[in-house]
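Scroll down for the structure; my scribbles are underneath it.
Chain naming here is simple, since letters A, B, ... match the order of the sequence lines and numbering starts at 1 in each.
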Protein chains: 2
Amino acid sequence: MIKHEKAIETLRLKGHRLTPQRLIVLSTIASGDGHMGVDEVFQAAKKAYPYMDIATVYRTLHLFKELGVVTEVAIGDRLHFELTDPEGHHHHMVCRACNGAFNLSPHYLAEFRETLNKEFGFEPDLEHFAVSGVCAKCQEADRKSGGNQG
Amino acid sequence: MIKHEKAIETLRLKGHRLTPQRLIVLSTIASGDGHMGVDEVFQAAKKAYPYMDIATVYRTLHLFKELGVVTEVAIGDRLHFELTDPEGHHHHMVCRACNGAFNLSPHYLAEFRETLNKEFGFEPDLEHFAVSGVCAKCQEADRKSGGNQG
DNA sequence: CAAGTTATTGCAACCGTTTGCGATTACTAA
DNA sequence: TTAGTAATCGCAAACGGTTGCAATAACTTG
């Protein structure tokens, strides 16, 4: 279950140093359940390594993102990160009411991408696409509590 | 050609005050050609009204956005604003190479919205959707100057 | 027009995130 | 194992953007 060993190998191969900070950030995210906020990662990492700096956390997460080791998801307007799904990319639907994030299979976007390509020659960045909205549960909750006052 | 008179009327009707700051921000955006960055608006507005504060610009733009007077577009990771198109909404394709923004008719997204609705009960926020990517011109320029070095 | 009410402002402090820089330390080669 | 080197770090200052608060001023009413 040491699912981040491949990530460590990637770091090595690309000539990046294996610092305790990087290993801790990695294992923090790996041990987390789904995506984590930056501060969440920072607080957890600081427990394991008290000198940990927030700037290092950001730099590390960006490096990991560049290497494809983690995936960035915008939840609300904060950045969250999760280990990249080895099964293949997925996208996210993020509920702005409960901040829940739901996976979205890439095939839902394939058609959209093709259309933009054909019609406009535009190549969209849809690798880590997230669409904001309201999930079914929150729509219902809103309906029940009388959400129609606008 | 005073295309922001309707906007002023909207402010009045909703009970908001017509301050010089608001009028200046509005006419700045109206006189601009397409969307403007926040600092662009701020600098221009400051010339007309030296006490203008950046916080006021943000507050004003957010108010206008709420009223539907202006539309927010994320260019790169900065916010840009433009007068809302009276002909009806349109979305944007934003080129991350040249920062150009191209209009995208809403019908390209209608199908996507319906699918999310039916399959997941998820209601996406697609009123002012912007998708990042690379436009046709920049793809070509990249091809010519040997962009395949990654 | 003058006085009262309260939305709005300018300021300054704050937020999350990024960056420059000198000190540290992971790695390389002997 | 030690010395050399450059990537990485911690720190602090800066960034774009937001917010609390006392002072101001746009509107209302008479």
Is it true that a side-chain atom of B:Gln139 and a backbone atom of B:Val134 form a donor plus acceptor pair closer than 3.5 Å?
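Present.
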Which comes earlier along DNA chain C counting from the 5' end, the contact point of B:His16 or that of A:Asp53, where each point is its nearest nucleotide?
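Nearer the 5' end of the strand: B:His16.
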Fill in: Which residue lies more 5' along DNA chain D, comparing B:His62 with A:Leu63 via nearest heavy atoms
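Per heavy-atom nearest nucleotide, the more 5' residue is A:Leu63.
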Taking the nucleotide of DNA chain D with the nearest heavy atom to each, does B:Ile54 or B:Pro20 sit closer to the 5' end?
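Nearer the 5' end of the strand: B:Ile54.
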Point to revise | Joint hydrophobic cluster, B:Leu83 plus B:Met36, side-chain heavy atoms closer than 4.5 Å | key: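 Yes: a chain of side-chain contacts under 4.5 Å links B:Leu83 to B:Met36.
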* Does the D:dG17 base have a donor-acceptor partner in the side chain of B:Arg59 within less than 3.5 Å? ->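 No pair found.
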*asked:* Quiz question: going by heavy-atom distance under 3.5 Å, is there a donor-acceptor pair between the base of C:dT6 and the side chain of B:Arg17?
replied: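 When only heavy-atom distances are counted, B:Arg17 does reach the base of C:dT6 through a donor-acceptor pair under 3.5 Å.
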Practice item. Quick one: pull up CZ in B:Phe64 and CZ in B:Arg22 and give me the separation to the nearest 0.5 Å. Key: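 With rounding to 0.5 Å, CZ (B:Phe64) is 7.0 Å from CZ (B:Arg22).
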| said: Does D:dG10 have OP1 or OP2 under 4.0 Å away from a side-chain N or O of A:Gln21? | reply: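 Yes, such a contact exists.
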Spacing between [X] atom [atom1] and [N] atom [atom2], to the nearest angstrom:
{"X": "A:Lys14", "N": "C:dC27", "atom1": "NZ", "atom2": "P", "answer": "17 Å"}
{"X": "B:Asp39", "N": "D:dA14", "atom1": "CG", "atom2": "C1'", "answer": "15 Å"}
{"X": "B:Leu11", "N": "D:dA26", "atom1": "CG", "atom2": "C1'", "answer": "13 Å"}
{"X": "B:Arg12", "N": "D:dA26", "atom1": "CZ", "atom2": "P", "answer": "12 Å"}
{"X": "B:Lys46", "N": "C:dC11", "atom1": "NZ", "atom2": "P", "answer": "11 Å"}
{"X": "B:Phe42", "N": "D:dC15", "atom1": "CZ", "atom2": "C1'", "answer": "15 Å"}
{"X": "B:Leu18", "N": "D:dC27", "atom1": "CG", "atom2": "C1'", "answer": "10 Å"}
{"X": "A:Tyr49", "N": "D:dT8", "atom1": "OH", "atom2": "P", "answer": "14 Å"}

| Under 30°, 30 to 60°, or over 60°: which ring-plane class applies to A:Phe129 and B:Phe129, parallel, tilted or perpendicular? |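 The rings of A:Phe129 and B:Phe129 sit tilted, inter-plane angle from 30° to 60°.
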May I ask you to decide if the ring planes of B:His62 and B:Phe81 are parallel, tilted or perpendicular, using 30° and 60° as cut-offs?
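Correct class here is tilted.
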ask   = Of all the nucleotides listed (D:dC9, D:dG17, C:dT9), which has the minimum atom distance to the side chain of B:Thr19?
value =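 Per side-chain heavy atoms of B:Thr19, the pick is C:dT9.
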| query | When all nucleic acid strands are considered with a 4.0 Å heavy-atom cut-off, which category describes B:Tyr58: base, sugar-phosphate, or nothing? | reply |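 Base contact - B:Tyr58 has a heavy atom under 4.0 Å of at least one base atom.
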Would you mind classifying the nucleic acid contact of A:Leu79 as base, sugar-phosphate or nothing, using non-hydrogen atoms under 4.0 angstrom?
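Sugar-phosphate, backbone atoms only, no base.
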